[in-house]
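Quantities reported herein were computed from a predicted structural model and do not represent experimental measurements. First listed ligand is number 1; within each ligand, the first listed atom is number 1. Hydrogens, waters and symmetry mates are skipped; everything else that's a heavy atom, side chains included, is used.
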Amino acid sequence: LPHTALPSPSFPMPAWGALFLLWAVVEANKDCPERCICHPLETMGLGVDCSGQGLTALPALPVHTRHLLLTNNSLREVPPGAFDHLPQLQTLNVEQNPWHCDCSLTYLRLWLEDHAPEELHLIRCASPSLATGRPLSQLTGYELGNCGWQLQTSWASLGIWWDIALAAVAILGLVLLVGLLCLTTGPWH
Ligand SMILES: *[C@@H]1O[C@H](CO)[C@@H](O)[C@H](O)[C@H]1NC(C)=O
């Protein structure tokens, strides 16, 4: 005859531990992005592994994300403020992505400078040609480009028009002056 286990009057400790772990895993996966794996960390917060998923955009990340893996995807840019709602985020791995290193990557660069400077050296830019193959940490602010560039060019072209307008006024003035001189000196000849 098989043994029939008697129901124990109270859960032994390992059972409570297993229940807690189960709850933590369920909690962890509630807000987990579709193509990522989330696991609870002993130190609270979540480890979120989205590596090698062919992601072309950042997924919506759970608010308790502490360690985030985005390596080996097809990410080109990070929208400004992308990690602002993740106060617990501590480590970020983003190597092996075709990063487009222009001004749109300034937010990522500043975030890494503040939180994980060593990661900054591991990020290789795929484009634009000026930055291809170079680590993000080596690019100057000038090379990344200024996001206010549009404003600057429009001001610059406005400056050119202003110069042209001034020159036109000056020439007109000169023509008038010459005309006036001819008119006033003309009758004497
Ligand atoms: C990168 O991810 C692809 C799937 O997108 C996988 O096939 C490949 O093995 C991964 N490469 C590395 C180096 O992890």
So which protein heavy atom does atom 5 (O) of ligand 1 come closest to, and at what separation? G52 O, 3.1 Å
Are any of the protein's heavy atoms under 4.0 angstrom from atom 14 (O) of ligand 1, yes or no? yes
Checking a contact table here: which protein heavy atom is nearest atom 10 (C) of ligand 1, and how many Å away? N72 ND2, 2.3 Å
Could you tell me whether the side chain of V178 reaches within less than 4.5 Å of the side chain of L181, counting heavy atoms only? no
Could you verify whether a donor N or O on one side chain and an acceptor N or O on the other, from E77 and H100, lie under 3.5 Å apart? no
Please answer whether the main-chain N or O of V94 pairs with a side-chain N or O of W99 as donor and acceptor at a distance below 3.5 Å. yes
Could you tell me which atoms of ligand 1, counted from 1 in the order shown, lie closer than 4.0 angstrom to a heavy atom of Q96? 13 (C)
Do L61 and L75 share a hydrophobic cluster (ILVMFWY, side-chain heavy atoms under 4.5 Å, transitive)? yes
